[in-house]
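What you see is a predicted model, and the numbers here were worked out from it, not measured in a lab. In each ligand, atom 1 is the first atom listed, and ligand 1 is the first ligand listed.
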Amino acid sequence: MKTIAKALAGSLMASTLLAGAALAQTKEVQMLHWWTSGGEAAALNVLKGDLAKEGFAWKDVPVAGGGGDAAMTALKAMVAAGNYPTASQMLGYTVLDYAAAGVMGDLTETAKKEGWDKAVPAPLQKFSVYKGKWVAAPVNVHSVNWLWINKAVMDKIGGTEPKTFDDLIALLDKAKAAGVIPLALGGQSWQEATMFDSIVLSTGGAEFYKKAFNDLDEASLKSPTMKKAFDNLGRLKAYVDPNYSGRDWNLATAMVIKGDALVQVMGDWAKGEFVAAKKEPGKDFLCYRFPGTDGTVIYNSDMFGMFNVPADRRAAQAALATATLSKSFQSAFNVVKGSVPARTDVPDTAFDACGKKGIADLKSASEKGTLFGSLAQGYGAPPAVANAYKDVVTKFVHDQIKTSDQAVIELVKAINDAK
Ligand code: GAL
């Protein structure tokens, strides 16, 4: 397994720590993140505002690129140089990876004071607590198995909610016949894999998803069901416009917002773009679970991983942690971001219909045991495995892997090599 600890070994970390520390002031929060789209930036502004009220300045370190691949490369370079940010946006297994490398700070005192142990759901604590210490502050819970649909286009083609994968294909055919781009896709590996998470869940069901993408069970990974999931991915690709390659996710969302395309399959950060464009669910757009996946939630959670900064920067870190988990922030931020609160005790009053469904779905999936981590989004397996997965999916989408049979063989091999 390729871990961060190995990547950092031999770096000049210790000797350059002081130089790095000097770059950040004690009364500022230096934050590395990939929230650069309209909806994401609007959500981040809520946090900047809250911290400004506490007297902390914001030092932005944005690294564009949805899904965070570029941001994580930048973070690795900063940490290797001993230039620790106050915090970095991170996903699941990456937090644990950095914690194992011994570079994370300790938020336990703040967590105790603020009662995080009781308020933060157990699946998130698995990734924000390392060897008994809180090392990250969970910001939200996103889920990936959603469809985002333009309502006017839906009305025009006389479409209804697709309940099965075949229903979805029939709906896409209607859009095609009406001359609308059926499926808005951004042809980047993380987006394709995020969509494939939903396809695998829809094709094989909740238990299959878990066995394949959380337990990495080889029999499931190479099963006829996985092959069928690749077949279904191939079927969906037929509904994408020719310019999809390399397109950013928010530009794909914009196609749906404008009515140039009918639907995007994307995590609920897409809703942040609709909100930023002043669009309302039920009136301008529709949110449905990916067909055949209602009742299951494939989640990720943005976390602010906190680094082991020198003592004079820890007050800023504690202020950030306290602000992030405050109930009022959890409501205000997530309403704008499209996600749902990372605490179970935040009322859903301020959320729109999609947000209310997201909160209710999360609760019932936790109770029923159908809440699973997204492999594409850092919660199914460590980063090396997730990257191997994204690689195979994108090769299949871009015809470098030609058949579903071959895709399954490559998937098993890539995951085994990365383990
Ligand atoms: C995800 C992240 C979301 C959103 C999205 C697109 O990885 O969890 O908060 O930012 O990427 O950038």
Side-chain angles (χ1 to χ4, degrees), residues 31-47 60-75 87-95 97 123-124 127-128 136-146 148 184-198 246-254 256-257 264-276 297-305 324 329-330 333-342 354-355 358 362 372-381 383 386-387 389-390 393:
M31 167 78 74
L32 191 148
H33 64 87
W34 61 93
W35 283 335
T36 55
S37 78
E40 291 171 332
L44 201 54
N45 277 338
V46 178
L47 182 60
D60 212 31
V61 188
V63 183
D69 293 337
M72 289 303 96
T73 305
L75 177 65
S88 171
Q89 182 187 357
M90 285 184 180
L91 300 171
Y93 278 95
T94 308
V95 177
D97 228 13
L124 302 194
F127 294 98
S128 42
V139 190
N140 60 7
V141 184
H142 272 301
S143 77
V144 307
N145 52 312
W146 289 105
W148 305 96
L185 176 66
Q188 299 172 344
S189 64
W190 75 272
Q191 294 186 60
E192 293 152 350
T194 300
M195 181 165 88
F196 194 57
D197 274 3
S198 292
R247 175 186 287 140
D248 286 332
W249 70 273
N250 53 316
L251 300 183
T253 313
V256 177
I257 293 176
Q264 182 184 24
V265 181
M266 189 41 75
D268 41 18
W269 46 89
K271 201 195 76 184
E273 300 304 298
F274 286 94
V275 172
V297 172
I298 303 297
Y299 82 97
N300 78 344
S301 159
D302 293 301
M303 300 204 170
F304 292 154
T324 302
F329 171 79
Q330 284 289 319
F333 174 89
N334 286 306
V335 160
V336 180
K337 184 70 173 70
S339 36
V340 305
C354 302
L362 179 63
F372 304 119
S374 160
L375 182 56
Q377 287 291 326
Y379 280 80
N387 288 338
Y389 162 61
K390 288 188 260 188
V393 172

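Closest to atom 7 (O) of ligand 1 among all protein heavy atoms lies Q377 OE1, 2.6 Å. Closest to atom 10 (O) of ligand 1 among all protein heavy atoms lies E40 OE2, 2.5 Å.
Close N/O approach between K337 and ligand 1 is found [any backbone or side-chain N/O within under 3.5 Å]. Some N or O of N300 is nearer than 3.5 Å to an N or O of ligand 1, by distance alone. Checked by distance only, ligand 1 and W269 stay at 3.5 Å or farther apart across all their nitrogen or oxygen atoms. Among the atoms of G67, some N or O lies under 3.5 angstrom from an N or O of ligand 1.
Annotation: side chain of V141 is not in contact with side chain of P341 (no heavy-atom distance under 4.5 Å). Side-chain contact check for D197 versus N145: every heavy-atom pair is 4.5 Å or farther apart. Within the 4.5 Å cutoff, no side-chain heavy atoms of T253 are placed close to those of W148. Looking at heavy atoms from C-beta onward, D302 lies in side-chain contact with W35 at the 4.5 angstrom threshold. Within the 4.5 Å cutoff, no side-chain heavy atoms of T94 are placed close to those of F127.
Applying the 4.0 Å criterion to heavy atoms of D302 picks out, from ligand 1, the atoms 2 (C), 3 (C), 8 (O), 9 (O). For ligand 1 and W249, the ligand atoms under 4.0 Å from any heavy atom of the residue are 6 (C), 12 (O). Close approach to L91 involves these atoms of ligand 1, each under 4.0 Å from a residue heavy atom: 7 (O), 8 (O).
Y389 and F196 have tilted rings, their planes meeting at an angle from 30° to 60° on a 0 to 90° scale.
Residue L75 is tested with Q89, M90, H33 for a side-chain contact (heavy atoms from CB on, under 4.5 Å); the sole match is M90.
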